Amino acid sequence: MLINTYKNKKVFLTGHTGFKGSWLATWLIHMGAKVCGYSLEAETNPSMFNELKIADKIEHSVIGNILDTNKLENTMKQFKPDIVFHLAAQPLVRLSYSQPLLTYQTNVIGTLNVLEAARKCPSVKAFVNITTDKCYENKEVKRGYREDDPMGGYDMYSSSKGCVEIMSSSYRRSFLQDKNTYAMATARAGNVIGGGDWALDRLIPDCIRAINQEVDIEIRNPVAVRPWQHVLEPLSGYLLLGQKLLEEGKKFADGFNFGPHGDCVVTVAQIAKKITEIYGKGKVIIGEKSPLHEAGLLMLNIEKAERVLGWTPLYSPEQALELTAEWYKHFYNKDCNMFEYTLQQIKEYEGSIKWNKNYAIK
């Protein structure tokens with residue numbers, strides 16, 4: 001059903017040069033969508049975007065800043081998309097401490113610019129606005145946060161995403177109530193892992209770099225708990241949410257959590273140790289704790305996505321880590337075409353959806 005929805009649809013994808021954006025672009029290509037990507041240059045070397053040559057496989061790949069309103073609006077108007085997936089962001093907690101202004105400009109004003117560009121583009125029918133699980137006021141309680149829990153955030157990144165959620169809700173009520181306007185929903189996902197991520201200060205990329213450089217894996221906060229999930233899990237949620245917005249409109253214009261089941265929430269130390277076991281090498285050591293604040297416990301409640309959308313996560317943390325490690329092994333061994341291997345992982349995930357009786361898009 002997803003393939004039927006997105007085949008020949010015109011999709012405007014911000015942040016397409018990033019890790020999640022590259023995976024989503026690849027999945028959309030597989031489904032026959034016509035994709036226009038709008039993003040800054042890929043910020044890492046290597047990058048999944050460049051390694052998979054995604055620029056050559058989509059309709060348009062535009063290098064631009066979402067703070068450049070004229071370029072953003074003109075690009076969208078010329079492409080005339082059916083749906084917008086907004087992923088472009090400053091996504092790193094630790095970077096937000098050194099660049100707070102950039103973090104707020106990109107995440108809050110940049111998102112407002114994309115919302116406005118879409119409102120000025122009559123072809124847009126749906127808008128999936130990607131935020132984060134860190135948008136919640138985290139009191140480190142032993143339960144998953146629900147969509148109606150208060151927004152907040154200790155660090156500048158988290159608080160900027162809380163602001164995005166509040167601003168998006170206000171924008172929806174202020175400008176998107178008319179039947180002729182697009183339907184906009186926000187999507188909040190947990191800590192995403194998968195092949196092709198080389199960002200700094202992220203656990204799995206740090207582990208992979210250390211393993212391939214044959215140095216110890218140093219972790220700062222071993223007992224911190226996060227809702228780990230393979231990248232295809234939230235992406236399937238975004239695509240399903242986009243489908244609902246396109247086909248049924250404002251009924252689904254709301255916030256949704258996309259995370260793992262509660263028993264899949266594990267510690268940083270467990271994840272690092274497991275990746276070395278799967279990879280067959282590497283040593284984990286406990287480093288000096290960072291003076292910067294990092295959440296110790298954060299979980300999502302996904303009952304709404306399961307009940308309203310019929311979405312459910314499919315992979316265990318072990319499966320997610322195995323798929324992630326295998327992707328990197330193939331990349332560093334240079335033993336296959338990485339675009340085709342990425343497609344293979346997507347097709348395998350689609351197969352899991354097909355045979356899962358609880359999944360709405362089976």
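Values in this document were obtained by computation on a predicted structure and should not be read as measured data. This chain uses plain numbering: 1 for the first residue, then up along the sequence.
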Arg188 and Tyr136 side chains, donor-acceptor separation under 3.5 Å: yes
CG of Leu314 to CD of Glu233, rounded to nearest 0.5 Å, is 5.0 Å
Ring centroid separation Trp311 to Tyr238 under 6.0 Å: no
Spell out, as yes or no, whether a donor-acceptor pair under 3.5 Å connects the side chain of Lys7 to the backbone of Thr5. no
Looking at Lys347 and Glu350, does any basic side-chain N land under 4.0 Å from a carboxylate oxygen? no
Do His230 and Tyr349 make a side-chain contact, defined as non-hydrogen atoms from C-beta onward lying under 4.5 Å apart? no
For Val35, does its backbone N or O pair with a side-chain atom of Glu59 as donor and acceptor, under 3.5 Å? no
Any side-chain heavy-atom pair from Leu309 and Leu241 closer than 4.5 angstrom? yes
Considering all heavy atoms of both residues, which atom of Asn113 and which atom of Ile66 are nearest to each other, and what is their separation? ND2-O, 2.9 Å
Return yes when atom CD of Glu43 has more than 12 non-hydrogen atoms of other residues, nucleotides or ligands closer than 6.0 Å, and no otherwise. no
Taking NZ, NE, NH1 and NH2 as the nitrogens, is one of them in Asp206 or Arg209 under 4.0 Å from a carboxylate oxygen of the other? yes
Would you say the side-chain atoms of Gln177 pair up with the backbone N or O of Arg172, donor to acceptor, closer than 3.5 Å? yes
Would you list the atom pairs, donor with acceptor, under 3.5 Å between side chains in residues 298-305 and any protein atom, with sequence neighbours excluded?
residue: Asn301; atom: OD1; partner: Glu303; partner atom: N; Å: 2.9
residue: Lys304; atom: NZ; partner: Asp254; partner atom: OD2; Å: 2.9
residue: Lys304; atom: NZ; partner: Gly255; partner atom: O; Å: 2.9

Sub-4.5 Å side-chain heavy-atom contact between Leu28 and Tyr6: yes
Ignoring hydrogens and angles, state whether a donor on the side chain of Ser39 or Thr17 is under 3.5 Å from an acceptor on the partner side chain. yes
Decide if atom CD of Glu41 counts as having more than 12 heavy atoms of other residues, nucleotides or ligands within a radius under 6.0 Å. no
Check the side chains of Thr181 and Asp178 for a donor-acceptor pair under 3.5 angstrom, ignoring hydrogens and angles. no
Is the shortest distance from a Lys or Arg side-chain nitrogen in Lys161 or Glu165 to a carboxylate oxygen in the other one below 4.0 Å? no
Do the non-hydrogen side-chain atoms of Tyr157 and Leu92 ever get within less than 4.5 Å of each other? no
Any idea which heavy atoms bring Ile83 and Gly242 closest together, and the distance? CD1-CA, 3.7 Å
Mind telling me whether Tyr182 and Phe127 have parallel, tilted or perpendicular rings, with 30° and 60° as the class edges? parallel
Quick one: do the Gln344 and Glu340 side chains pair a donor with an acceptor below 3.5 Å? no
Is there a side-chain contact between Val192 and Pro234, using heavy atoms and a 4.5 Å cut-off? yes
Taking atom types as modelled, find out whether Thr106 and Gln90 have a side-chain donor-acceptor pair closer than 3.5 angstrom. no
Quick one: does any side-chain atom of Lys57 pair with a main-chain N or O of Leu52 as donor and acceptor, under 3.5 Å? yes
Scanning both residues in full, the closest heavy-atom pair of Val84 with Ala118 reads CG2-CB, 4.4 Å
Got Arg202 and Pro91 here, is their nearest side-chain heavy-atom distance under 4.5 Å? yes
Heavy-atom side-chain contact between Trp228 and Pro317 under 4.5 Å: no
Are the side chains of Phe85 and His16 in contact, using a 4.5 Å heavy-atom criterion? no
Please work out which of the three classes, parallel, tilted or perpendicular, describes the rings of His60 and Phe79, given edges at 30° and 60°. perpendicular
For a side-chain contact (heavy atoms from CB on, under 4.5 Å) with Thr342, tell me which candidate from Phe331, Trp23, Trp27 qualifies. Trp23
Judged by atom type as modelled, is there a donor-acceptor pair below 3.5 Å linking the side chain of Glu147 to the main-chain atoms of Asn257? yes
